[in-house]
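Here is the structure we will look at.
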Amino acid sequence: MKRIRLIVTGKQGQVVTAMLERAPDDIEVAALGRPKLDLSDPHSITRAFDDEVADVVVNAAAYTAVDKAETEEDLATRINGDGAGLVAAVARGLGAPVIHLSTDYVFDGSLDRPYREEDPTNPIGAYGRSKLAGEYAVADANPRYAILRTAWVYSPFGANFVKTMLRLGETRSEVRVVGDQHGAPTSAIDIADTVFEVARQIVAEPSPRKFGVFHMTGADEATWAEFAEAVFEEATQYGRAPVKVTPIATTEYPTPARRPANSRLDGARLARDYGITLPPWRQSLRPVVARLLTDPAN
Ligand SMILES: NC(=O)c1ccc[n+]([C@@H]2O[C@H](COP(=O)([O-])OP(=O)(O)OC[C@H]3O[C@@H](n4cnc5c(N)ncnc54)[C@H](OP(=O)(O)O)[C@@H]3O)[C@@H](O)[C@H]2O)c1
């Protein structure tokens, strides 16, 4: 059996860490990140891939500081827009397709149903605009692309909502959490497994329907408040005291960047063209909370 070699951008991000940890026997994962590869610096991108060999390149690195992007849009666009396009171009030069991670923030969230891939984009913030620029740049640079839009990513690694809630729960018996934004929590571990399966199928059967934009989030939906409730409920299994969640309106929790009220993504295309449906988010949350509360490394 020939192993598939994936080069993934980033070193310590949630998705790249999950990919490094979960690489199955048929897939080799090599991570290229800072300082060797800096997506804000075009020369470092081309140099970092010198002498590299890859069956598939995965662009998982990004400027992900949604609020900070409002005052650093140029940098965010250099990394998420131009940098992503250059990674896709370099992949093309290596003869490899590119899998690129994108986001629900390319939409404005005004639709009253889950977003499909062909729905009009209309980002309402700088981060979303920079990621949308990346989608166009990737598609322009490499005809063999799979853009996987995801949302509400959490994991045992890096910074994320689940870790924040568990930290708050250590000292508080009640938290106020936004209850009028709707989406689907998505485990970076499920994303890693999906990326591996997409890579396998792109290599084995590179037919036109394997390329394009795909929505990839945990099955079922929630509000941030419901997500927080689930985290605290799981945590009680590990001796944590219950925490009451009070849902609040987005307007009561002002942030520099606006967030879409509807972040739900319809995963039918990924199911149809790849046979992949992510597990229900609640099911995937369980092992992450277990690990965060039982593994001394956390
Ligand atoms: N987190 C979410 O809720 C969410 C939601 C929707 C979509 N996404 C998308 O999913 C993908 C993965 O997100 P994530 O949660 O794994 O992100 P993350 O945990 O914030 O990690 C970001 C990664 O990008 C790397 N990076 C940032 N700036 C860089 C630069 N200039 N050059 C090279 N690498 C750089 C970081 O490098 P270091 O390793 O050096 O720190 C890190 O590895 C991203 O494309 C993101 O836009 C995320």
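All heavy atoms count here, side chains included; hydrogens, waters and symmetry mates do not. Quick caveat, the model's predicted, so the values are computed rather than measured. Indexing begins at 1, ligand by ligand and atom by atom, following the structure's order.
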Tabulate below the donor-acceptor pairs under 3.5 Å that side-chain atoms of residues 120-127 make, not counting sequence neighbours, or state none.
| unit_1 | atom_1 | unit_2 | atom_2 | d |
| --- | --- | --- | --- | --- |
| Asn122 | ND2 | Asp108 | OD2 | 3.0 |

For ligand 1, the residues whose heavy atoms come within less than 4.0 Å (ordered by chain, then number): Gly10, Lys11, Gln12, Gly13, Gln14, Val15, Arg34, Leu37, Asp38, Leu39, Ser40, Ala60, Ala61, Ala62, Thr64, Ile79, Leu101, Ser102, Thr103, Tyr127, Lys131, Thr150, Ala151, Trp152, Val153
Ser102: side chain to side chain donor-acceptor pair (under 3.5 Å) partners, not counting sequence neighbours: Glu135
Pair His100, Asn59: side-chain N/O donor-acceptor within cut-off below 3.5 Å: yes
Electrostatic pair Arg5-Asp55, nearest N-O below 4.0 angstrom: no
Ring geometry between Trp224 and Trp152 (parallel below 30°, tilted from 30 to 60°, perpendicular above 60°): parallel
Of all pairs that satisfy salt bridge (charged side-chain N to carboxylate O under 4.0 Å, His left out), the ones with a partner from residues 124-133, not counting sequence neighbours: Glu73-Arg129
